Asks: 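Just passing along the structure, written as structure tokens.
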There are 2 protein chains.
Amino acid sequence: MALSQAIMTALIEDDMSGYELAQSFDSSLGLFWRASHQQIYQELKKLSDKGHLNKREVSQTGKPNKIVYGLTQSGREALQQWVYQDSKVQEAKDDLLVKLYNLDASNVSHMVTELEGRRESMMQRLYLYERIRRRHYAEPDSLPIRRQGVYLALLGGIRNAEQYLSWCDEALKQLGAINSN
Amino acid sequence: MALSQAIMTALIEDDMSGYELAQSFDSSLGLFWRASHQQIYQELKKLSDKGHLNKREVSQTGKPNKIVYGLTQSGREALQQWVYQDSKVQEAKDDLLVKLYNLDASNVSHMVTELEGRRESMMQRLYLYERIRRRHYAEPDSLPIRRQGVYLALLGGIRNAEQYLSWCDEALKQLGAINSN
DNA sequence: TTTTTATATGCAAAGGCTTGCATAAGTGAT
DNA sequence: ATCACTTATGCAAGCCTTTGCATATAAAAA
């Protein structure tokens with residue numbers, strides 16, 4: 001569980017409000033880590049209670065005011081220490097894999113539909129990743145060190161999406177062969 | 001969340017006790033879905049309260065007795081219906097990716113260590129998958145339909161492990177270049 | 001002017017998962 | 001006999017996450 005660290009990480013370079021965090025989680029770090037706004041607000045409360053974040057209200061014109069959070073020194077230290085803690089590999093926990101264990105003649109066509117859906121959304125994700133890569137990481141070697149880390153995470157996302165896509169194709173081919181018999 | 005379906009899926013072909021389920025989750029379906037014994041016992045209780053599972057005590061010699069669970073008709077139906085429900089793609093939620101956003105000169109060598117650890121455990125996982133594949137799925141096309149589904153899930157695991165492994169290599173190469181400057 | 005949409009934050013209840021503890025039967029080693 | 005280990009099941013507390021609701025400001029559309 002690293003939601004608190006994911007939030008602190010998102011705040012390393014820019015202070016943000018809960019609402020902005022929820023949105024930034026739709027891109028950037030959120031490519032790998034999704035959280036609902038309730039989860040984020042609850043976690044922000046915990047983190048500022050702990051003293052890892054400070055908050056200030058910012059007036060806005062044309063919009064309701066917002067509460068902007070920033071990393072405190074204590075937060076920065078906690079984050080750096082967390083980096084050194086060992087983390088385990090997580091299982092995929094993908095429903096689709098469990099569903100495949102239930103494959104039978106009557107649900108093959110549904111599985112095909114789901115796989116096509118996955119294929120499509122992975123394709124879109126891959127386009128997005130590649131667009132980010134071309135725009136911001138065209139020459140990774142010349143980037144500052146933290147940005148190189150972000151690039152490696154992005155590359156992880158790209159490789160994973162490529163692999164998932166090609167697995168979908170393999171699986172669809174196999175299911176197609178079943179259906180035509 | 002599909003722990004309950006994962007458990008029911010594991011019980012499709014063989015009745016099992018909680019203890020056996022916890023162990024079988026170390027292989028087979030558990031390749032993709034891990035659960036602690038407490039989680040499993042709690043879920044078994046819920047599922048039998050719902051009428052999706054039946055239980056019977058089985059005497060054993062040389063060991064304590066066990067409580068063996070089996071899918072009821074109601075359970076089978078619920079599982080089949082679940083297959084038709086749409087499921088979403090899940091994010092990776094991998095701590096390591098968040099950590100990479102925190103890369104700096106002082107923690108590069110730790111990241112290298114973690115990546116080498118991941119590489120090693122992915123390699124072992126891949127060996128395991130390939131062993132299972134050779135032993136049970138050498139000729140996937142000739143398998144009964146349900147087994148072909150299981151094979152596709154296994155193939156997903158294999159492709160994913162291969163990809164993760166090669167990403168580790170890419171990342172380690174990049175981090176090596178940083179460290180030598 | 002009422003409704004809808006986007007921005008912005010939050011509470012409360014329910015449900016799921018983790019952690020720590022507790023129990024118990026049986027085997028094997030010291 | 002005692003200790004350690006494996007098999008086997010479970011409670012209870014705490015924590016995390018999800019779901020549903022609630023509120024409020026302001027712009028834009030109907």
Side-chain angles (χ1 to χ4, degrees), chain A residues 1-8 10-11 15-26 30 33-50 52-70 82 85-88 90-91 93 95 98, chain B residues 1-8 10-11 15-26 30 33-50 52-70 82 85-88 90-91 93 95 98:
Chain A
M1 204 284 313
L3 175 60
S4 65
Q5 287 84 6
I7 286 177
M8 289 195 282
L11 296 174
D15 291 3
M16 277 191 266
S17 69
Y19 193 84
E20 288 163 341
L21 269 167
Q23 286 190 314
S24 105
F25 267 38
D26 286 346
W33 206 284
R34 229 152 255 285
S36 65
H37 82 267
Q38 292 90 340
Q39 221 181 136
I40 288 171
Y41 286 124
Q42 285 171 35
E43 198 62 44
L44 284 172
K45 191 175 186 316
K46 276 183 227 162
L47 286 171
S48 58
D49 284 352
K50 269 193 204 164
H52 289 347
L53 300 181
N54 54 42
K55 56 173 164 178
R56 57 180 205 283
E57 194 165 350
V58 172
S59 298
Q60 299 189 109
T61 56
K63 294 175 194 174
N65 295 350
K66 62 183 176 181
I67 299 168
V68 170
Y69 292 84
W82 169 75
Q85 282 171 31
D86 256 10
S87 55
K88 310 151 205 161
Q90 287 217 318
E91 309 312 317
K93 292 223 176 178
D95 285 7
V98 179
Chain B
M1 203 284 314
L3 175 60
S4 64
Q5 287 82 6
I7 287 176
M8 288 196 283
L11 295 175
D15 291 3
M16 277 192 265
S17 68
Y19 192 83
E20 288 161 344
L21 269 167
Q23 286 188 313
S24 104
F25 267 39
D26 286 345
W33 207 285
R34 227 153 257 285
S36 64
H37 82 269
Q38 292 90 338
Q39 221 183 135
I40 289 170
Y41 286 123
Q42 285 171 33
E43 198 62 44
L44 285 172
K45 190 174 185 316
K46 275 183 229 162
L47 286 171
S48 57
D49 284 352
K50 266 192 207 165
H52 289 348
L53 301 180
N54 54 42
K55 56 173 165 177
R56 58 180 205 282
E57 194 167 349
V58 172
S59 299
Q60 299 189 109
T61 55
K63 292 176 195 173
N65 294 350
K66 63 183 176 182
I67 300 168
V68 170
Y69 291 85
W82 169 75
Q85 280 171 31
D86 257 9
S87 56
K88 310 149 206 161
Q90 287 217 317
E91 309 312 315
K93 294 223 175 178
D95 286 5
V98 179

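No hydrogens, no waters, no symmetry mates; every other heavy atom, side chains included, goes into these values. What you are looking at is a predicted structure, and each value in this text was computed from that prediction instead of being measured. Each chain gets a letter, A, B and so on, in the order the sequences are listed, and its residues count up from 1.
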Asks: Show me the donor-acceptor pairs, under 3.5 Å and distance only, between side chains in residues 52-62 of chain B and residues at least two apart or in other chains.
Replies:
| unit_1 | atom_1 | unit_2 | atom_2 | d |
| --- | --- | --- | --- | --- |
| B:His52 | ND1 | B:Ser74 | OG | 2.8 |
| B:Asn54 | OD1 | B:Gly70 | N | 3.4 |
| B:Arg56 | NH1 | B:Asp15 | OD2 | 3.2 |
| B:Gln60 | NE2 | B:Pro64 | O | 2.7 |

Asks: From C-beta outward on B:Gln38, which listed nucleotide comes closest to its side chain: C:dT7, D:dT17, C:dC21?
Replies: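 Given the options C:dT7, D:dT17, C:dC21, the side chain of B:Gln38 is closest to C:dC21.
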
Asks: Whole-Å distance between C:dG16 C1' and A:Lys93 NZ?
Replies: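 One finds 10 Å between C1' of C:dG16 and NZ of A:Lys93, rounded.
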
Asks: Using the side-chain heavy atoms of A:Gln23, tell me which of these nucleotides is nearest: C:dT7, D:dA8, C:dG10.
Replies: C:dT7

Asks: When rounded to the nearest 0.5 angstrom, what is the spacing between NZ in B:Lys93 and CG in B:Asp95?
Replies: 10.5 Å

Asks: When you get a sec, tell me which of C:dG10, D:dT9, D:dT17 is the closest nucleotide to the side chain of A:Gln39?
Replies: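 Minimum distance to the A:Gln39 side chain belongs to D:dT17.
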
Asks: Rounding to a whole Å, what distance do you find between A:Arg34:CZ and D:dT17:C1'?
Replies: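 Result: 16 Å.
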
Asks: Could you measure the distance from the CD atom of B:Gln5 to the CD atom of B:Gln85? Nearest 0.5 Å is fine.
Replies: 7.5 Å

Asks: When rounded to the nearest 0.5 angstrom, what is the spacing between CG in B:Leu44 and CE in B:Met8?
Replies: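 So the CG of B:Leu44 and the CE of B:Met8 are separated by 11.0 Å.
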
Asks: Rounded to the Å, how far apart are A:Glu43 CD and D:dC15 C1'?
Replies: 11 Å

Asks: Among the candidates C:dG10, C:dC17, C:dA6, find the nucleotide nearest to the side-chain atoms of A:Tyr41.
Replies: C:dG10

Asks: Look up atom CD in B:Gln42 and atom OG in B:Ser36, then write down how far apart they are to the nearest 0.5 Å.
Replies: 7.5 Å

Asks: Excluding sequence neighbours, so at least two apart, what forms salt bridge (charged side-chain N to carboxylate O under 4.0 Å, His left out) with B:Asp49?
Replies: B:Lys45

Asks: Rounded to the Å, how far apart are B:Ile40 CD1 and C:dG16 C1'?
Replies: 14 Å

Asks: For A:Ile67 and C:dT7, give me the distance from atom CD1 to atom P, rounded to whole Å.
Replies: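 So the CD1-P distance, A:Ile67 to C:dT7, works out to 17 Å.
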
Asks: In B/S/- notation, 5' to 3', how is nucleotides 22-30 of chain C contacted by protein heavy atoms closer than 4.0 Å?
Replies: ---BSS---

Asks: Is B:Lys55 touching bases, backbone alone, or none of the nucleic acid, heavy atoms closer than 4.0 Å?
Replies: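 The answer is nothing, as B:Lys55 stays clear of every strand by at least 4.0 Å.
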
Asks: Between atom CD1 of B:Ile40 and atom CD1 of B:Ile7, what is the distance when rounded to the nearest 0.5 Å?
Replies: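 Rounded to the nearest 0.5 Å, the CD1-CD1 separation comes to 5.5 Å.
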
Asks: Quick one: A:Lys88 NZ to C:dT19 C1', roughly how many Å, whole number?
Replies: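 My rounded result for the distance is 11 Å.
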
Asks: Report yes if at least one side-chain N or O of B:Ser36 is closer than 4.0 Å to OP1 or OP2 of C:dC17; otherwise report no.
Replies: no

Asks: Could you tell me the separation between the NZ atom of B:Lys66 and the P atom of D:dT9, rounded to a whole number of Å?
Replies: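 Atom-to-atom, B:Lys66 to D:dT9, this comes out as 8 Å.
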
Asks: Going by modelled atom types, is there a donor-acceptor pair between the base of C:dT18 and the side chain of B:Gln42 at under 3.5 Å?
Replies: yes

Asks: Looking at B:Lys45, does any N or O in its side chain come under 4.0 Å of the phosphate oxygens OP1/OP2 on D:dT9?
Replies: no

Asks: From CE of A:Met16 over to P of C:dA8, roughly how many Å is that when rounded to an integer?
Replies: 13 Å

